[in-house]
Amino acid sequence: MVFAVRVGVLVCEGIGWLADGDEGLDSVVFARDISPEDLAVRMGGTPGAAVQLTGPDVTSLLHRSETGDSDVVRVAACGAWSYAVLHLADPGRDDLAVRASRGGVEVIQYVAMTDHPPAQFDYLRDGRTVCGFGIGEEAHRWGQDPDHLLPALVAGGVLTPDGTSHQAAARPGSAMSGNRLTLTVLEHHFGLCLPQSSVMRAPLPAYTVRGTLSLGPDPDVDIIRTWAAEHGYSLNWGGSGHVPTSIRDAYAHATR
C-alpha cells in the first residue's frame, strides 16, 4: 500500500519511507507555518548565511572538521511544514528542536537512532515536549500530555484503545510493518511530507547552527579541480565549491 501527500501539483512520498532507514538520514526537525530560513535561524543559524549543499557535502565537511563540535542543517519546505535535516548530530540532544518550538511554533522531531533503536518521535510546542515515544514502542509515551496522540494511534490501527498494547495490524509480520504504519499515521495526522528523492542528494540551503564550522568553498578546490581534470575525473561537482570525498581521497593518495 502506497501513501502520498499532494502538495500543489506535486505528490510527495510522505514520511513512511523513513522506516526503511536506507537514505542515511540521522534526524529531521519539522516546523509548521514558518519559512525554512526562519527554522534554521531559530535553531541557531545566521540569517542570510545559507550555502547550497548536498547531504554528502555536509557529511564530508563534518568529518573533516578539526573541532567536531558543530551541527549543520539543510532546510526546505513541503506543504505547511518547513524541515531541517541534521547530519551526524548527537541523537541524545534535543535542544535544537526545543529552540525551534519557542513562541508557540509546532515542531516535530524524528531521530533515526540507527545505532540504538528505536527511532524517536517528539511533538513539541512552546519549548516543551507535548508527547513522544519510540517508533514501535508507542505504548511507552512521555511528555506533558503523553496521550495527546493516542486517539490518532488507535484510529490508525497502531494501539489498542487503552494505549497499553499494539493492535494486530501493527505487530511484526503484518501487511505494513509496525514502524511504517506508525509513521504513516503521523504523516496523515499532521500532514507531513518529506521528498525522499531530494532530502539527502539535492543541494539545499545549509546553515551551521552550532559551533564554528565554515560552509564556504574549500581553499584548495582550484588546485584539486585542476588535478582532477588532468587525470580524467568528472568535474560535475555542482556550485558548492567543495571537493567530493572520493576525488579528495584520490588526490590525497596520489600526492602523498
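When a residue number appears, it is its place in the shown sequence, counting from 1. Note that the coordinates shown come from a computational prediction; the quantities given were computed from them, not determined experimentally.
When all heavy atoms are compared, the tightest approach of A112 to L25 is CB-O, 3.4 Å. Of all the heavy atoms in G157 and L181, the pair that sits closest is O-CD2, 3.7 Å. Across every non-hydrogen atom of T255 and Y251, the tightest pair is OG1-O, 2.7 Å.
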I'd like to know whether H189 forms a side chain to side chain contact (heavy atoms under 4.5 Å, CB included) with L186, so could you lay out the CA-CA distance, the side-chain angles of the two residues, the decisive distance to 0.1 Å, and finally the verdict. CA-CA 5 Å; H189 180 78; L186 295 170; 5.6 Å; no

What do the steps show when you test T182 against N179 for side-chain hydrogen bond (donor to acceptor under 3.5 Å, both in side chains), and what is the final call? CA-CA 5 Å; T182 296; N179 291 0; 5.9 Å; no

Q120/M113 under side chain to side chain contact (heavy atoms under 4.5 Å, CB included): CA gap, chis, key distance, verdict: CA-CA 7 Å; Q120 302 290 307; M113 300 294 292; 3.7 Å; yes

Applying side-chain hydrogen bond (donor to acceptor under 3.5 Å, both in side chains) to S165 and T160, what does each step give before you reach the verdict? CA-CA 6 Å; S165 58; T160 55; 3.1 Å; yes

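For the pair S101 (side chain) and L124 (backbone), a donor-acceptor distance under 3.5 Å is absent. Not one N or O on the side chain of S82 forms a donor-acceptor pair closer than 3.5 Å with the backbone of A77. Side chain of E187 to backbone of C193: no donor-acceptor contact under 3.5 angstrom is found. A donor-acceptor distance shorter than 3.5 angstrom exists from the side chain of S35 to the backbone of D38, with no hydrogens or angles considered.
Residues V107 and Y123 have side chains not in contact (no heavy-atom distance under 4.5 Å, counting atoms from C-beta outward). R180 is listed as a side-chain neighbour of D20, based on a closest heavy-atom distance under 4.5 Å.
The side chain to side chain contact (heavy atoms under 4.5 Å, CB included) test with E138 singles out one residue from L150, L159, L149, and that residue is L159. Considering I108, L183, T184 in turn, I108 is the only one that fulfils the side chain to side chain contact (heavy atoms under 4.5 Å, CB included) rule with L192.
The ring of H140 has its center no closer than 6.0 angstrom to the ring center of F133.
Separating the CG atom in D57 from the CZ atom in R74 is a distance of 8.0 Å, to the nearest 0.5 Å. In this structure, CG on L96 lies 8.0 Å from CD on Q109, to the nearest 0.5 angstrom.
With no hydrogens or angles considered, no side-chain donor-acceptor pair links W81 and D33 at under 3.5 Å.
Taking 4.0 Å as the cut-off between side-chain N and carboxylate O, R210 and D95 count as a salt-bridged pair. Salt bridge annotation for R102-D126: absent, with no cationic side-chain nitrogen under 4.0 angstrom from a carboxylate oxygen.
The aromatic rings of F190 and F121 sit tilted relative to each other, their planes meeting at an angle between 30° and 60°.
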